[in-house]
Amino acid sequence: PFSSSVAIPSCGGSANVTIGNYTFANAPTNICAWTINASDLVTNNDTACQSLCPGMSGTYTVDAGSPASVTNYQSFSDLLSDFSNCGIAGPVVVDVVTGSGPYTEQIILSNYSGLSATNTLTINGNGNEVNYSASSSDKRIVGFDGAKHITIDSLTIRSTSSTYGYGVHLMNGSDSVSIVKCTIDLSSITSTTSTNSGGIIASGSITSTTTDGNNSNFSLFANNIISGSASGGPYVGIYLNGQGTGADCRGNTVMNNVISDFRSQGIYLDEVDSASIMGNEISRANRTSITTFYGIYTSGKTQKTQYTKNKIFNNSGGNTSSTSTAYGIYHTADDADVGNENLVVNNIIYGFNSSGTVYGLYNSSSNGVWYYHNTVVLDDQNSSSSTARGFYQTTTASNIQFKNNIVSITRNSSADLHALYFNASGSTIDCNYNRLYVENGYTGRYSGTNYTSLVDWQGANTNAFDQNS
């Protein structure tokens, strides 16, 4: 203890005492001051204490094999405890020491005091693994609960449960979160319940993938690997939920991810605003336990969203005899307002190898979707009796554009094959400048009538379609 003989004035007076410099640990510290006066007969009011903790700033490590210190933590839980207790005073970088894992624990990050666009938190996983067996009451492995300005880079996130697991979960207005170059391995999960598992989930519930809410804004999910296996994996690769108000789940970017061997949906967007879905590779090459395939699924009031340069292929490599339906990019009941259209541009859909009906691009009652410069190639030679459709539109919708796309169907099938299939005569579709090829099938179908050649198709609906194709 530090002692001083400075006289303290009586009757509520005060005096300054200088005690010098002291370096505090990144943990709450109790500072107490008391007086000693032999003539003081009332001693129960002589001591005052205050708990202080310096805000964290600079570089720290997580290394289970090294002693705990002011700058090293042996677990993520110890690190996050100090973030909660002390807050952030400047930019923080946490390096998980290479080869120090695996770490068997759940990681839940929140909006720590002091976090900002300047005072950011970056966790460099350096290839280490975090594994966890989630439960029915909390399915998260890594969670962001209102967290902001946090990056996780190059961390392997692995489920050890056969039933539950959200690799990364965001909720309660999480903002400016970045998940980059991470591996999310959910191959242990064999449950086929849709709400039990997912690679990256933005949902208002820790037990459901589908709960609306202001869950994630301006977050980046890039260059990640989200994987299952032949017998197990996530039901959905990435699922982003909003509330449909146009003021939530805004500005998220899903870019250059490899999403493989999920059960049903690669990427699912529901009531999302101004997202960018770009450069992702989506396939199901090894999975044997499967159901209907959706490369990218969109519903609700999703608008101002761009789907560009995605590759969707090999939907059923582990079970080519499956008769489940397959969709490349699927919009249903997704009505974008005029001026807020969704753009589906320069994607490639190819190599579908299941034995059920396949659709390259699918629109059901979805206004304001513009399809430009996409390539759809449906050429499986081993499916002898399944229907194939390059672009399918059903249930009346307006403000649809389909231009400068390539559709080629050479599937070896005795069933009907269509490059274009317009099932709702009341829909407004601006369709032109496309390259359409169907071997042993139909160029198009409109209002119940098939049109074999391009010339035939150009006469449909009073010369409404593909006059320059």
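Side-chain contact between Ser154 and Asn126 is absent, with no heavy-atom pair separated by less than 4.5 Å. Annotation: side chain of Ser227 is not in contact with side chain of Asp261 (no heavy-atom distance under 4.5 Å). Counting only heavy atoms from C-beta outward, the side chains of Thr292 and Tyr327 approach each other to under 4.5 Å. Within the 4.5 Å cutoff, the side chain of Tyr239 has heavy atoms near those of the Thr210 side chain.
In the model, Arg263 has no side-chain atom that pairs as donor or acceptor with a side-chain atom of Thr192 under 3.5 Å. Using modelled atom types, one finds no donor on one side chain facing an acceptor on the other under 3.5 Å when comparing Thr183 with Asp185. In summary, the side chains of Asn172 and Ser174 do not present any donor paired with an acceptor at a separation below 3.5 Å, with no hydrogens or angles considered. In the model, Asn315 has a side-chain atom that pairs as donor or acceptor with a side-chain atom of Ser354 under 3.5 Å. Inspection of the Thr209 and Tyr235 side chains reveals no N or O donor paired with an N or O acceptor under 3.5 Å. Of the N and O atoms on the side chains of Ser264 and Thr291, not one donor lies less than 3.5 Å from an acceptor on the other residue.
One N or O on the side chain of Asn319 and one on the backbone of Thr288 form a donor-acceptor pair closer than 3.5 Å. In this structure, the side chain of Asn314 engages the main chain of Gly317 through a donor-acceptor pair within 3.5 Å.
Ring-centre distance between Tyr103 and Tyr132: not below the 6.0 Å cut-off. Annotation: Tyr446 is not in aromatic contact with Phe422 [ring centroid separation under 6.0 Å not met].
Salt-bridge formation is detected for the pair Lys301/Asp337: a Lys NZ or Arg NE/NH1/NH2 atom is positioned less than 4.0 Å from an Asp or Glu carboxylate oxygen.
Taking the six-membered ring for Trp and thresholds of 30 and 60 degrees, Tyr442 and His418 have nearly parallel ring planes, at less than 30 degrees apart. Aromatic ring orientation, Tyr362 versus Tyr330: parallel (interplanar angle below 30°, classes split at 30° and 60°). By the 30° and 60° cut-offs, the orientation of the rings of Trp457 relative to Phe465 is parallel. Note: Trp370 and Tyr372 have tilted aromatic rings, judged against thresholds of 30 and 60 degrees for the angle between ring planes.
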